[in-house]
Participant: 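Submitted below is the structure of interest, expressed as structure tokens.
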Amino acid sequence: MSYAALDAARVAKACKTALSVLEANPETSEAHVRKTLMVQRIAALSEAAAESPAGGGVVTLTSEEFWLVSKNW
């Protein structure tokens with residue numbers, strides 16, 4: 001599995017966009033709910049990392065997490 005250190009503020013912003021797309025979709029399948037929860041979790045972690053002086057504003061994502069955030073549904 002691949003990992004990448006990314007700018008936490010940019011990841012948080014991308015998560016907000018992805019969440020708006022996911023929440024606009026009326027789908028209620030289990031897969032859709034899991035995607036939404038995963039992006040919400042990544043958003044929360046990214047926002048915390050962006051605000052933390054000790055974290056340096058960096059968040060580490062797996063390739064799967066990055067794909068999930070960047071994918072256009």
Side-chain angles (χ1 to χ4, degrees):
M1 185 174 295
S2 306
Y3 295 89
L6 303 166
D7 179 22
R10 291 181 71 183
V11 172
K13 184 178 176 182
C15 284
K16 286 182 183 183
T17 302
L19 282 172
S20 68
V21 171
L22 285 168
E23 291 169 353
N25 188 339
E27 187 177 346
T28 58
S29 70
E30 181 180 346
H32 184 78
V33 171
R34 285 177 183 251
K35 287 178 190 178
T36 303
L37 291 173
M38 185 75 146
V39 174
Q40 287 173 340
R41 182 186 69 84
I42 295 167
L45 291 172
S46 299
E47 289 174 17
E51 295 172 1
S52 172
V58 175
V59 66
T60 302
L61 298 181
T62 65
S63 56
E64 180 183 50
E65 291 169 331
F66 180 80
W67 176 84
L68 186 62
V69 172
S70 65
K71 175 77 175 148
N72 294 317
W73 285 283

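The figures that follow rest on heavy atoms only: side chains count, while hydrogens, waters and symmetry mates do not.
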Participant: What heavy-atom pair brings Gln40 and Leu19 nearest, and what distance separates the two atoms?
Facilitator: CG-CD2, 3.5 Å
Participant: Please say yes or no: joined through hydrophobic side-chain contacts below 4.5 Å, possibly via intermediate residues, are Leu45 and Leu68 part of one cluster?
Facilitator: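 Per the 4.5 Å side-chain linkage, Leu45 and Leu68 are not co-clustered.
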Participant: So, taking the atom named CD in Glu27 and the one named OG1 in Thr36, what distance separates them when rounded to the nearest 0.5 Å?
Facilitator: 8.5 Å
Participant: Are the side chains of Met38 and Arg41 in touch, meaning some heavy atoms are under 4.5 Å apart?
Facilitator: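 Answer yes - side chains close enough.
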Participant: State plainly whether one hydrophobic cluster holds both Val69 and Leu6, where clusters connect Ile, Leu, Val, Met, Phe, Trp and Tyr through side-chain heavy atoms under 4.5 angstrom apart.
Facilitator: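 As far as the 4.5 Å side-chain criterion goes, Leu6 and Val69 are connected within one cluster.
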Participant: How close do Ser46 and Ala8 get, counting heavy atoms only, and between which atoms?
Facilitator: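 So the two residues come closest at O-CB, 3.4 Å.
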Participant: Calculate, to the nearest 0.5 Å, the distance between atoms CZ and CD belonging to Arg34 and Glu30 respectively.
Facilitator: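 Rounded to the nearest 0.5 Å, the CZ-CD separation comes out at 4.5 Å.
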Participant: Could you state the interatomic distance from CD1 (Ile42) to CG (Leu37), rounded to the nearest 0.5 Å?
Facilitator: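 If I round to the nearest 0.5 Å, the distance is 11.0 Å.
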Participant: Mind checking the NE2-CG spacing from His32 to Asn25? Nearest 0.5 Å is all I need.
Facilitator: 4.5 Å
Participant: I need the minimum non-hydrogen distance between Val33 and Thr28, along with the two atoms involved.
Facilitator: CG2-O, 4.1 Å
Participant: Would you confirm whether Ser70, through its side chain, and Phe66, through its main-chain N or O, come within 3.5 Å as a donor-acceptor pair?
Facilitator: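 Pair found, side chain donor or acceptor close to backbone of Phe66.
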Participant: Of all the heavy-atom pairs spanning Ala49 and Val58, show the shortest one and how long it is.
Facilitator: CB-O, 3.7 Å
Participant: Going by atom types alone, do Thr62 and Glu64 pair a side-chain donor with an acceptor below 3.5 Å?
Facilitator: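 Looking only at side-chain atoms, Glu64 and Thr62 do not form any donor-acceptor pair under 3.5 Å.
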